[in-house]
Novice: 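Here it is, the structure in full.
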Amino acid sequence: MKKLAFIALALAISCNSTQKTTGEKKTEKAVEANPETYGKTITEAELKAHLYTYASDEFEGRETGKPGQKKAIEYIKKEYVGLGIKPAKADGNYFQDVPLEISKLPTGSLSVNGKEYKLGEDYVATSAATADYTNVVYVGYGIDEENYSDYKNLDVADKIVVAKVGEPKNEDGTYVVSGSTKKSSWSNASEALAKRAEVAKEKGATGIIFYDESNYPRYQQYFAQMQKSGRERISPKPATPNKFATILVNSSLANAIVANIATDNTPKVVSTTLNVDLKSGNKDVKSENVVAYIEGSEKPNEYLVISSHLDHIGVSADGQINNGADDDGSGTVALLEIAEAFKKAELDGNGPKRSVVFLHVTGEEKGLLGSQHYTDVDPIFPLENTVANLNIDMVGRIDPKREGDRNYIYLIGSDKLSTELHNLSEEVNKKYTNVVLDYTYNDENDPNRFYYRSDHYNFAKNNIPIIFYFNGTHDDYHQPSDTPDKINYDLLENRTRLVFYTAWEIANRANRLVVDKATE
């Protein structure tokens, strides 16, 4: 690991931390800049001023797609306009549209050979489907691998398939797919249905009927809870309407379609009359990411993305506003302060060598939807040229379960993909901030699975090195009591500076970070 390439300025540059950064940038750059000159412009006072506005009742809890979220994006945009930091999109718009939809449970009917079955009791479905079939294709376990396929000699194009959970075994008791006593991923409860549906769809099927007797009560319970509560699920709106039906059935309905389905493992075409008429009540939701950037002076086509989520959970059923000061108002205002520090450096002729992207994402509370849209659908800047993501989510409080120095931060993921990034992070902290870096939740066996629960994960899954900065949960997490008066502004300042200094080194180092632990 190379030493940090920072040389102190011969003369200190005087900066007023309360003054906004506007004007023309200097073109000369005599010596390497001292990042502390700009890190010190990140102050408790400015963070507090931002947060008392951003996490106020006026913003109505910033729920995705709701009026409060629109106020949030306008506030963030106004700050970037005031700072003179340009939008990332080529069309000059700070807002990146993230098309979403409210998924409501379908209503309708399903019958087999003239007998009608009850939605929510005999079967559950989460999407619309309308079709009449005179036969179905039974694909057994629904597995398709190089050494075993239930689709052999079967044409499923424009047909609905029926599959069951499980996988075949050899006579010696080993599993055919894995070739050992270990089950394959086809038996993984979290992947079983999705993998089978994906294969069926790729082969041209119009839908899948899935039979999993042991897990059906869980699906049924979830469906019933959604019916009773009227809960709505927000998800990405597909570019084209989803015409692939997914229906989960109980034992009675499964056997009505394929007799003795539990013991019959032979794929085949089954003559049966299946009538499906399920209608959707989905509604469109308009939401937006806010994306600004400072172009790199030497490597403008390499990008460091710093992210936080702009949304929260909105207003409770009893009318109480969930202000989300820590979650993630703290990350939002930290990102604004980091952006201002980089802009001040640029105006002094010390802009970052690589481009720095300031990404405020929507829909995190709904399932990392804004960051997923950025990485999977519309990466404004190429992912292959994105050198790292630093994600800030809840950095203003103290975890009451943690003992020891209050000047800490949980770091998650720094060593998952790049050893260089982890070492860089440690060195920067020792040099500038001396925060206690706590790796408790970086453990692969962490039952909380925080590594998968914030927006950095959508970058990590693309083998982009990440660091997730997190203070841990507390009693006010996702409660109306998560308010600005409970933020530890001295800690928020120090933690924000840590992210800035880390970003500064990544943006200005000679070589991009090496990814030495890439996943498939």
Side-chain angles (χ1 to χ4, degrees), residues 47 50-51 54-55 59-66 68-77 79-80 88 94-98 100 234-236 285-292 305-314 322-339 357-380 389-397 409-410 412-413 449-461 464 466-473 476-478 482 484 487 492 495-496 499:
L47 289 162
H50 274 309
L51 194 54
Y54 193 76
F59 286 72
E60 304 173 67
R62 309 187 303 276
E63 184 172 3
T64 298
K66 298 291 178 69
Q69 184 249 320
K70 305 305 179 189
K71 293 176 183 177
I73 63 173
E74 290 294 342
Y75 181 88
I76 295 167
K77 173 186 174 180
E79 291 302 311
Y80 283 112
Y94 285 94
F95 300 151
Q96 179 187 38
D97 289 335
V98 181
L100 304 172
I234 291 183
S235 57
V285 174
K286 292 183 178 180
S287 196
E288 303 83 11
N289 294 331
V290 185
V291 198
V305 176
I306 312 175
S307 60
S308 64
H309 70 88
L310 61 89
D311 64 308
H312 193 53
I313 62 173
N322 297 278
N323 297 117
D326 192 27
D327 185 16
D328 186 28
S330 63
T332 299
V333 301
L335 185 48
L336 289 173
E337 283 290 286
I338 290 167
V357 182
F358 309 104
L359 174 62
H360 299 260
V361 294
T362 188
E364 191 272 354
E365 301 289 2
K366 306 297 185 182
L368 316 185
L369 302 182
S371 56
Q372 179 186 356
H373 182 81
Y374 183 92
T375 60
D376 296 7
V377 180
D378 183 24
I380 295 174
N389 167 238
L390 305 180
N391 184 49
I392 316 168
D393 190 354
M394 299 175 61
V395 289
R397 294 284 297 272
I409 192 72
Y410 292 122
I412 301 172
R449 294 175 61 80
F450 286 129
Y451 178 67
Y452 304 94
R453 288 173 53 184
S454 191
D455 294 294
H456 61 276
Y457 181 68
N458 282 314
F459 290 89
K461 73 184 186 184
I464 295 168
I466 66 92
I467 300 178
F468 172 24
Y469 299 87
F470 177 55
N471 54 221
T473 58
D476 301 310
Y477 174 67
H478 281 195
D482 181 8
I487 297 295
L492 179 54
R495 292 163 176 173
T496 304
V499 181

Novice: Mind checking the CG-OH spacing from L368 to Y452? Nearest 0.5 Å is all I need.
Specialist: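 Those atoms lie 13.0 Å apart.
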Novice: How would you list, by chain and number, every residue that makes a side chain to side chain contact (heavy atoms under 4.5 Å, CB included) with S235, sequence neighbours excluded?
Specialist: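 So S235 forms a side chain to side chain contact (heavy atoms under 4.5 Å, CB included) with E101, S103, R233.
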Novice: Can you list the residues that meet the ring-ring contact (aromatic ring centres under 6.0 Å, His included) rule with Y94, with sequence neighbours excluded?
Specialist: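 None.
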Novice: CG of L390 to OH of Y469: how many Å apart, nearest 0.5 Å?
Specialist: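 L390 CG to Y469 OH: 4.5 Å, rounded to 0.5 Å.
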Novice: What's the spacing between S307 OG and I466 CD1 if we round to 0.5 Å?
Specialist: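 The distance works out to 9.0 Å.
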Novice: Using every non-hydrogen atom in the two residues, find where S287 and L100 come nearest and quote the distance to one decimal.
Specialist: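 So the minimum-distance heavy-atom pair works out to CB-CD1, 4.0 Å.
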Novice: N322 side chain to G61 main-chain N or O, any donor-acceptor pair under 3.5 Å?
Specialist: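 Checked: no pair found.
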Novice: Hey, could you give me the CD/CD distance between E79 and E337, rounded to the nearest 0.5 Å?
Specialist: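 Going from the CD atom of E79 to the CD atom of E337 covers 9.0 Å.
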Novice: Using side chain to side chain contact (heavy atoms under 4.5 Å, CB included) as the criterion, list what pairs up with K366, not counting sequence neighbours.
Specialist: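 Counting only residues at least two positions away or on another chain, K366 forms a side chain to side chain contact (heavy atoms under 4.5 Å, CB included) with E63, T64, I234, L369.
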Novice: When you measure from the side chain of R495 to the backbone of N471, do you find a donor-acceptor pair of N or O atoms at a distance under 3.5 Å?
Specialist: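 The answer is no, because no donor-acceptor pair under 3.5 Å joins these two groups.
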Novice: What residues, two or more places apart in sequence or in another chain, satisfy side chain to side chain contact (heavy atoms under 4.5 Å, CB included) together with I380?
Specialist: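 In terms of side chain to side chain contact (heavy atoms under 4.5 Å, CB included), with neighbours along the sequence ignored, I380 is linked to A88, K89, Q96, V291, Y374.
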Novice: For S330, check side chain to side chain contact (heavy atoms under 4.5 Å, CB included) against everything at least two apart and list the hits.
Specialist: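 Result, side chain to side chain contact (heavy atoms under 4.5 Å, CB included) vs S330: D326, D328, V395, L492.
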Novice: Sequence neighbours left out, what passes salt bridge (Lys or Arg N to Asp or Glu O under 4.0 Å) with K461? Give chain and number order.
Specialist: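 Salt bridge (Lys or Arg N to Asp or Glu O under 4.0 Å) check on K461 returns D376.
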Novice: With side chain to side chain donor-acceptor pair (under 3.5 Å) as the test, would you mind laying out the steps for H309 and D327 before giving the verdict?
Specialist: CA-CA 8 Å; H309 70 88; D327 185 16; 3.0 Å; yes
Novice: By salt bridge (Lys or Arg N to Asp or Glu O under 4.0 Å), which residues pair with E60, not counting sequence neighbours?
Specialist: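 Applying salt bridge (Lys or Arg N to Asp or Glu O under 4.0 Å) to E60 gives K71.
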Novice: Which residues satisfy the ring-ring contact (aromatic ring centres under 6.0 Å, His included) test with F468, sequence neighbours excluded?
Specialist: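 Per chain and number, F468 pairs via ring-ring contact (aromatic ring centres under 6.0 Å, His included) with H456, F470.
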Novice: Show the numbers, then the answer: is there a side chain to side chain contact (heavy atoms under 4.5 Å, CB included) between V290 and F358?
Specialist: CA-CA 8 Å; V290 185; F358 309 104; over 6 Å; no
Novice: Where is the tightest heavy-atom contact between A325 and A55, given as atom of each residue plus distance?
Specialist: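 Closest approach of A325 to A55, heavy atoms only: CA-CB, 3.7 Å.
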Novice: Taking ring-ring contact (aromatic ring centres under 6.0 Å, His included) as the test, write out the residues that go with F95, two or more places apart.
Specialist: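 With neighbours one apart ignored, the set is empty.
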Novice: Looking at residues at least two apart in the chain, or sitting in another chain, which of them share a salt bridge (Lys or Arg N to Asp or Glu O under 4.0 Å) with R397?
Specialist: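 With neighbours one apart ignored, the set is D476.
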Novice: I want to know whether H360 and Y80 have ring centres closer than 6.0 Å.
Specialist: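 Centroid separation for H360 and Y80: below 6.0 Å.
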Novice: Over all heavy atoms of both residues, which pair between Y54 and A72 is shortest? Give the atoms and the distance, please.
Specialist: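 Where Y54 meets A72 most closely, the heavy atoms are OH-CB, 3.5 Å.
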Novice: Apply salt bridge (Lys or Arg N to Asp or Glu O under 4.0 Å) to D378 and list each qualifying residue two or more places apart in sequence or on a separate chain.
Specialist: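 Salt bridge (Lys or Arg N to Asp or Glu O under 4.0 Å) check on D378 returns nothing, list empty.
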Novice: Could you list the residues that satisfy side-chain hydrogen bond (donor to acceptor under 3.5 Å, both in side chains) with S454, not counting sequence neighbours?
Specialist: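 S454 satisfies side-chain hydrogen bond (donor to acceptor under 3.5 Å, both in side chains) with N391, D393 once adjacent residues are dropped.
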Novice: F450 and Y410: side chain to side chain contact (heavy atoms under 4.5 Å, CB included), yes or no, with the steps?
Specialist: CA-CA 11 Å; F450 286 129; Y410 292 122; over 6 Å; no
Novice: Could you grab the distance from atom CD1 of I73 to atom CG of D311, nearest 0.5 Å is fine?
Specialist: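 Answer for the CD1-CG pair, I73 versus D311, is 11.5 Å.
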Novice: Assess whether side chain to side chain contact (heavy atoms under 4.5 Å, CB included) is satisfied between E365 and R62, documenting all intermediate values.
Specialist: CA-CA 10 Å; E365 301 289 2; R62 309 187 303 276; over 6 Å; no
Novice: For K66, does the NZ atom sit with more than 12 other heavy atoms under 6.0 Å from it, leaving out its own atoms?
Specialist: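 Counting other residues, nucleotides and ligands, NZ of K66 stays at 12 neighbours or fewer.
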Novice: Given Q69 and L310, is the side chain to side chain contact (heavy atoms under 4.5 Å, CB included) satisfied, shown in steps?
Specialist: CA-CA 8 Å; Q69 184 249 320; L310 61 89; 3.8 Å; yes
Novice: Measuring from I338:CD1 to I392:CD1, what's the distance to the nearest 0.5 Å?
Specialist: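 Between atom CD1 of I338 and atom CD1 of I392 there are 4.0 Å.
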Novice: Hey, is the main chain of Y477 close enough, under 3.5 Å, to the side chain of D482 for a donor-acceptor pair?
Specialist: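 Such a contact is absent between D482 side chain and Y477 backbone.
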Novice: Any idea which heavy atoms bring T496 and A334 closest together, and the distance?
Specialist: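 Here T496 and A334 meet closest at OG1-CB, 3.3 Å.
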